[in-house]
Amino acid sequence: MSKRRVLECFYDVVSPYSWLGFEVVCRYKNIWNVDVRLRPGFLGGIMQATGNSPPAMVPKKGMYMGKDIARLAEFFQVPLQQPRDFFQTVIKKGSLQAMRFVTAVEMHHPEFVEPVSRELWMRIWSEDKDITEPESILEAAKKAGMSADLAKKLIESSALPEVKNKLKQNTEEALKYGVISPVAKSCSS
């Protein structure tokens with residue numbers, strides 16, 4: 001009998017490629033005989049540390065990315081579509097508040113990490129809705145099955161130094177694994 005391996009999946013809900021990778025590892029973890037450890041990180045920090053640019057900001061990569069995401073979303077049956085104002089939603093607003101919230105969830109109520117992350121992806125990449133405002137995050141948490149009181153407490157805790165430091169630590173660990181962008185590697189074992 002083979003021992004189950006642990007697959008660490010570093011991700012940021014601002015990344016459509018991370019969503020695709022997340023859904024694939026969650027869907028096939030039992031078939032692949034792996035335990036998945038979901039690790040929220042901050043893609044902006046990875047981009048800054050590696051000197052990388054978001055693929056959509058490089059014209060040829062951006063054109064390819066649009067086609068590639070559509071193909072992969074159809075193949076993996078993930079309801080992903082680009083936000084109407086990609087630059088404003090993804091590049092300018094980003095995901096820092098959302099990822100701090102997911103990190104607080106990881107630290108205090110890990111049973112909600114998967115559904116909360118999925119609901120945040122749904123908001124930005126399927127419903128073209130905000131993920132940066134507290135009300136938006138509360139709505140995603142509610143759809144994920146979390147009580148309003150718990151979600152509010154976790155939003156408040158997402159501003160605490162220990163949560164910010166945990167997100168930074170996860171991001172630094174992703175960099176140690178060689179993650180350079182969501183296109184190159186969103187999950188590693």
Side-chain angles (χ1 to χ4, degrees), residues 7 9-29 36 38-44 46-47 54-58 61-106 109-148 150-152 154-155 158 167 170 174 179 181-187:
L7 181 79
C9 183
F10 294 91
Y11 66 93
D12 185 326
V13 297
V14 79
S15 167
Y17 284 105
S18 287
W19 188 16
L20 293 163
F22 170 95
E23 292 297 348
V24 168
V25 298
C26 289
R27 191 178 298 167
Y28 296 109
K29 63 186 173 189
V36 176
L38 298 173
R39 305 285 305 273
F42 181 52
L43 184 56
I46 290 171
M47 293 290 185
M57 300 308 293
V58 180
K61 284 184 181 179
M63 287 174 38
Y64 176 80
M65 181 179 156
K67 292 176 187 173
D68 192 41
I69 287 172
R71 281 191 300 263
L72 290 169
E74 182 180 355
F75 181 80
F76 289 115
Q77 298 178 357
V78 175
L80 193 157
Q81 56 190 354
Q82 286 200 32
R84 283 186 308 270
D85 188 347
F86 180 89
F87 182 81
Q88 178 69 22
T89 302
V90 176
I91 306 299
K92 191 160 186 200
K93 284 186 175 182
S95 62
L96 184 57
Q97 297 310 316
M99 294 315 296
R100 284 180 178 163
F101 178 73
V102 176
T103 302
V105 172
E106 174 197 26
H109 287 277
E111 69 274 17
F112 286 110
V113 171
E114 182 179 336
V116 163
S117 298
R118 186 174 287 116
E119 289 302 329
L120 288 166
W121 267 306
M122 288 290 291
R123 287 187 66 78
I124 188 172
W125 287 104
S126 190
E127 301 167 358
D128 197 18
K129 293 181 179 175
D130 178 76
I131 62 163
T132 61
E133 297 298 325
E135 302 80 34
S136 302
I137 295 169
L138 284 171
E139 190 175 317
K142 181 180 175 185
K143 281 188 169 184
M146 187 181 289
S147 74
L150 177 57
K152 286 176 187 173
L154 291 171
I155 283 178
S158 66
L167 179 60
N170 283 355
V179 173
S181 77
V183 176
K185 188 176 184 184
S186 62
C187 299

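- Heavy-atom neighbours of F86 CZ from other residues, nucleotides or ligands within 6.0 Å: above the threshold of 12.
- Scanning all heavy atoms of the two residues, the minimum distance from V13 to I131 falls at CG2-CD1, 3.7 Å.
- Using a 4.5 Å heavy-atom threshold, the side chains of P54 and V90 count as separate.
- Using a 4.5 Å cut-off on side-chain heavy atoms (C-beta onward), P115 and M146 make no contact.
- The CZ atom of F22 lies 12.5 Å from the OG atom of S15; values are rounded to the nearest 0.5 Å.
- No donor-acceptor distance shorter than 3.5 angstrom exists from the side chain of S158 to the backbone of R100, with no hydrogens or angles considered.
- F87 pairs by the ring pair (Phe, Tyr, Trp, His ring centres under 6.0 Å) definition with nothing, not counting sequence neighbours.
- With rounding to the nearest 0.5 angstrom, the CD1 atom of I137 is 11.0 Å from the CG atom of L154.
- When all heavy atoms are compared, the tightest approach of L38 to E106 is O-OE2, 3.7 Å.
- Residue S136 comes nearest to D130 through the heavy atom pair OG-OD2, 2.8 Å, listed as atom of the first residue, atom of the second, then distance.
- From E135, atom CD reaches atom CD1 of I155 across 8.0 Å, with rounding to the nearest 0.5 Å.
- In plain terms, the two heavy atoms of L138 and A148 that are nearest each other are CD2-O, 4.3 Å.
- Heavy atoms of other residues, nucleotides or ligands lying less than 6.0 angstrom from CD of E111 number more than 12.
- For P40 against M99, the heavy-atom pair with the smallest separation is CB-CE, 3.5 Å.
- In this structure, V78 and R27 have side chains that are in contact, with non-hydrogen atoms separated by less than 4.5 Å.
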- Apply side chain to side chain contact (heavy atoms under 4.5 Å, CB included) to F42 and T103, showing your working. CA-CA 10 Å; F42 181 52; T103 302; over 6 Å; no
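- Taking both residues in full, the closest heavy atoms of F101 and A151 are given as CE1-O, 3.6 Å, listed atom of the first, atom of the second, then distance.
- Interatomic distance, D12 CG to L43 CG, rounded to the nearest 0.5 Å: 5.0 Å.
- Within the model, atoms CZ of R39 and CG of L167 stand 11.0 Å from one another, a figure rounded to the nearest 0.5 Å.
- For residues 78-92, the pairs satisfying salt bridge (Lys or Arg N to Asp or Glu O under 4.0 Å) are R84-D128, with sequence neighbours left out.
- To the nearest 0.5 Å, atoms CD1 (I69) and CD (Q81) are separated by 11.5 Å.
- Proximity of a side-chain donor or acceptor of S147 to a complementary backbone N or O of L150 within less than 3.5 Å is detected.
- E23 pairs by the salt bridge (charged side-chain N to carboxylate O under 4.0 Å, His left out) definition with R118, not counting sequence neighbours.
- Take R123 and apply the salt bridge (charged side-chain N to carboxylate O under 4.0 Å, His left out) test, not counting sequence neighbours, and it matches E139.
- Using cut-offs of 30° and 60° for the angle between ring planes, the W121 and W19 rings count as parallel.
- Listed by chain and residue number, K129, K143 satisfy the salt bridge (charged side-chain N to carboxylate O under 4.0 Å, His left out) test with E127 (two or more places apart in sequence, or in another chain).
- Qualifying side-chain hydrogen bond (donor to acceptor under 3.5 Å, both in side chains) partners for Q82, counting only residues two or more places apart in sequence or in other chains: none.
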